[in-house]
Q: 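Handing you this structure, nothing more for now.
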Number of protein chains: 2
Amino acid sequence: MLDATSSYKPMDSRIPVADRTGHRNVPETTRRTDRFPGTRYGNRPTMKDVAARAGVGLKTVSRVVNGEPGVTPETERRVQEAIEALGFRRNDSARVLRKGRTASIGLVLEDLADPFYGPLSRAVEEVARAHGALLINGSSAEDADREQELVLALCARRVDGLVVIPAGDDHRYLEPEIKAGVATVFVDRPAGHIDADVVVSDNFGGARDGVRHLIAHGHRRIGFIGDMPRIHTAAERLRGYRTAMEDAGIPVADAWMSLGVTDPERVRRAAQEMLTGPEPVTAIFTGNNRVTVTVIRVLAGHARPVALVGFDDIELADLLQPGVTVVAQDAAALGRTAAERLFRQLDGTLIAPERIELPTRLITRGSGELPPAD
Amino acid sequence: MLDATSSYKPMDSRIPVADRTGHRNVPETTRRTDRFPGTRYGNRPTMKDVAARAGVGLKTVSRVVNGEPGVTPETERRVQEAIEALGFRRNDSARVLRKGRTASIGLVLEDLADPFYGPLSRAVEEVARAHGALLINGSSAEDADREQELVLALCARRVDGLVVIPAGDDHRYLEPEIKAGVATVFVDRPAGHIDADVVVSDNFGGARDGVRHLIAHGHRRIGFIGDMPRIHTAAERLRGYRTAMEDAGIPVADAWMSLGVTDPERVRRAAQEMLTGPEPVTAIFTGNNRVTVTVIRVLAGHARPVALVGFDDIELADLLQPGVTVVAQDAAALGRTAAERLFRQLDGTLIAPERIELPTRLITRGSGELPPAD
DNA sequence: CCCGAGCCTGACAACGTTGTCCAGGCTCTA
DNA sequence: TAGAGCCTGGACAACGTTGTCAGGCTCGGG
């Protein structure tokens, strides 16, 4: 009978909180069964094994593995042979312990599945790769506690740096980490109560320009559907909307603004309400890609044409009827800029934290140029 | 003057190849400047420091940090206080070294920025999280060498398991790793020359059904634009196309099939050619989401209506005119299934490698139901 | 023939944590 | 009151790697 009783017990990677529930660790017996004769699971060969087999010293193996000079070709050959034969692979955990640097950086974002974060994540990865570092990432699901949990787990892994798209608004918990030398850059939204590098889009200006665009095309009753105002980007975009309206001397009715979670159901209802209320809007400005997509669906089923400008570009926006006018931000540039700054922190090239704002771009495709249909 | 001469020298995370270029390691001096008085960069407090400050033994600190029983409330309080005061955070590298498990899994995919992989990646992350593990991921950019490099770097980090979307077609290099106990699951495409768990979509059946759908709507001259045939999914989808055509007794002209890299330029040209050739197609079956998007653009500028069925669902496909009929695969389910299987391997619940095939779903929205316009 | 220089090589400690094991003090019972 | 047993705490080794340092070898010059 196969011994398959052991179960996956990873290290507890949570924050070291003393939850003294008295759970006693089961004694760690051999965890793996011996399915391959001659090779025990989990018992990887070490440099010591290689050294023994090659008949050399430990340090010589280390030298060969790391390509350090000072090894005779003949000795090196013997070591390489032993490495091949045993299937040796250097244990980077031990290496990290010794060297201090892990050559990995952490990326905490809201949701990997969101099309906005894909390119951002990829850009960070590219830069990391160029610097020989790996990328560990996690989704906070827009939850401050989960963000903290993730960030601290990454710090426990001793990542060299962190790129964080903050969900919470208080990052003082990161102070000891930053002091201890963890390079940190916030992206998309600023950090809270802490002085750190920040790379953001010009959310205010972008939204203002988008709304101005609608105003320029004759709209006055313009709706705004955005994310929860506690999210910085959402607040900034709202401010852009308000400013554009104010600048144009248009008083804003409360019924034209809807802020909250951006799940399709709420957004759909919000859109319906501002389209059918006592002062129905003739145009809508949407606060992010998810909202835009939902509103497009609503408008597709709406009788009267309604103008639309959305924040964030969306794929195929040009092929819809009409094409969707958007305020586009460059997600890849955000990620790239942040990551590059991170590595400059690690270089020691960077002195003081800075706030970098990347411009947005209005892309007109038709939906924003519809005249008001009263 | 600030000492900013040190530069980021991460651990070399490449495969241990002896590139004896004789580069000598610069002596590692203190890397960080002392910007914060009283806190040296990189010198984090250890359990020893905490123990000293709390006036207890090293192991007692360990017990408190890990919530192990056997510590007086009073002692625990003192230790917690010291932890707070010093900003101590357990070093997981050392922990890993001692425990053997890293509580992290690796995910190697083609491109994080591809909308198909976002949900997949997210699903893997969710499962990992549920098992207390972190996710490290990297993009292979469809390059076999880069895939191997990434995978081995992850193994050097001693990830507990690997979810791999293979780019290469020979994975024998993974044998020692798997033997050493690294749980491994391949997704989306099977592994090459190696017996391992595989989770794939029914690419053949899906493509066959999609093409049958077009045939059922009266098409006979149907084009196929897909990825390089060395990619397994591409080959399977092509096989589905051929089978559907054959079953219907339709001879396939070479000019109707185009296989190769799926960059927009090539795809655009391929589509143009089969639309204007001597035997112009009346319908096109596209082999993945990128191809589909490009072909939609081509068809949008085409005079005569052409039917289209695409492999992979795409966002907003329902809002285009006409809606795009697709063969949808469930990326999240692929990721979830693979990850769950991975953790069952780690549990010891799983014995023999298996091949799991998830069904695809034909979603009709209009573009596939257009009659042939001759 | 001897000595110093230079090149290889390996012994050893250290990185920070956890498992093992033992000692001392306490409580409880006979 | 003594002995048994429990509870708390700490000393120590080990995990696999790398930096330091010293020893042994070869070679050439005096």
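Below, all heavy atoms of this structure are taken into account, side chains as well, without hydrogens, waters or symmetry copies.
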Q: A/R95 CZ to D/dG16 C1': how many Å, rounded?
A: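 Atom CZ in A/R95 sits about 12 Å away from atom C1' in D/dG16.
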Q: Is the shortest side-chain N/O distance from B/N66 to OP1 or OP2 of C/dT18 below 4.0 Å?
A: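 Looking at the OP1 and OP2 atoms of C/dT18, one of them is under 4.0 Å from a side-chain N or O of B/N66.
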Q: Would a distance-only check, ignoring hydrogens and angles, find a side-chain to backbone donor-acceptor pair under 3.5 Å from B/E81 to B/A54?
A: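 Side chain of B/E81 to backbone of B/A54: no pair is present.
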Q: Return the nearest nucleotide to the side chain of B/R90; candidates are C/dT18, D/dT17, C/dG16.
A: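 Looking only at side-chain atoms, B/R90 lies closest to C/dT18.
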Q: Considering every strand and a 4.0 Å limit on heavy-atom distances, what is the contact class for A/T75: base, sugar-phosphate, or nothing?
A: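 Sugar-phosphate, no base atom in range.
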Q: Would the base of C/dT18 count as contacting B/R98 through its side chain, where contact means a donor and an acceptor less than 3.5 Å apart?
A: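 Answer yes: a donor N or O sits under 3.5 Å from an acceptor.
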Q: Once rounded to the nearest 0.5 Å, what's the spacing between atom NZ of A/K99 and atom CG of A/D92?
A: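 The distance works out to 10.5 Å.
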Q: Taking A/D49 for its side chain and A/T46 for its backbone only, find out whether a donor-acceptor pair lies under 3.5 Å.
A: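 Indeed, once roles are kept as given, a pair shorter than 3.5 Å links the two residues.
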Q: When the distance from CD of B/E76 to P of D/dG10 is rounded to whole Å, what number comes out?
A: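 In whole Å, D/dG10 P lies 14 Å from B/E76 CD.
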Q: Between A/A352 and A/D197, what is the shortest heavy-atom contact and its length?
A: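 Smallest interatomic distance, heavy atoms only, reads O-OD1, 4.4 Å.
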Q: Which value, rounded to the nearest 0.5 Å, describes the distance between A/H171 atom NE2 and A/Q148 atom CD?
A: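 Answer rounded to 0.5 Å: 9.0 Å.
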Q: For residues 53-61 of chain B, which residues have at least one heavy atom under 4.0 Å from DNA chain C?
A: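 DNA chain C contact set from residues 53-61 of chain B: B/L58, B/K59.
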Q: Please give the angle, rounded to 10 degrees, between the axes at the start and the end of the helix from C/dC1-D/dG30 to C/dA30-D/dT1, where five pairs define each axis.
A: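 The angle, to the nearest 10 degrees, is 60°.
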Q: Looking at C/dT9, C/dG16, D/dT17, which one has an atom nearest to any side-chain atom of B/A94?
A: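 My answer, after comparing the listed nucleotides, is C/dG16.
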Q: To the nearest Å, give me how far apart CZ (B/R158) and P (D/dG16) are.
A: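 Computing the B/R158:CZ to D/dG16:P distance gives 9 Å.
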Q: In whole angstrom, give the distance that lies between atom CG of A/N91 and atom P of C/dC15.
A: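 Answer to the nearest Å: 18 Å.
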Q: Write down the distance between CZ (B/R63) and P (C/dG19), rounded to a whole number of angstrom.
A: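 That distance rounds to 11 Å.
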Q: What is the distance, to the nearest angstrom, from the CZ atom on B/R89 to the P atom on C/dG16?
A: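 That distance rounds to 16 Å.
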Q: To the nearest Å, how far apart are B/R78 CZ and D/dT8 P?
A: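 B/R78 atom CZ is separated from D/dT8 atom P by 14 Å.
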Q: Is the shortest side-chain N/O distance from B/S62 to OP1 or OP2 of C/dT17 below 4.0 Å?
A: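 For B/S62, the contact criterion (side-chain N or O under 4.0 Å from OP1 or OP2 of C/dT17) is not met.
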Q: Phosphate oxygens OP1/OP2 of D/dG9: is one of them under 4.0 Å from a side-chain N or O of B/T72?
A: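 True: B/T72 side-chain N/O within range (under 4.0 Å) of D/dG9 OP1/OP2.
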Q: Given 3.5 Å as the limit, does a donor-acceptor pair link the side chain of B/E125 with the main chain of A/S139, or not?
A: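 Between the backbone of A/S139 and the side chain of B/E125 there is a qualifying donor-acceptor contact (under 3.5 Å).
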Q: What is the distance from NZ of B/K48 to P of C/dT18, rounded to the nearest Å?
A: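 Interatomic distance, NZ of B/K48 to P of C/dT18: 16 Å.
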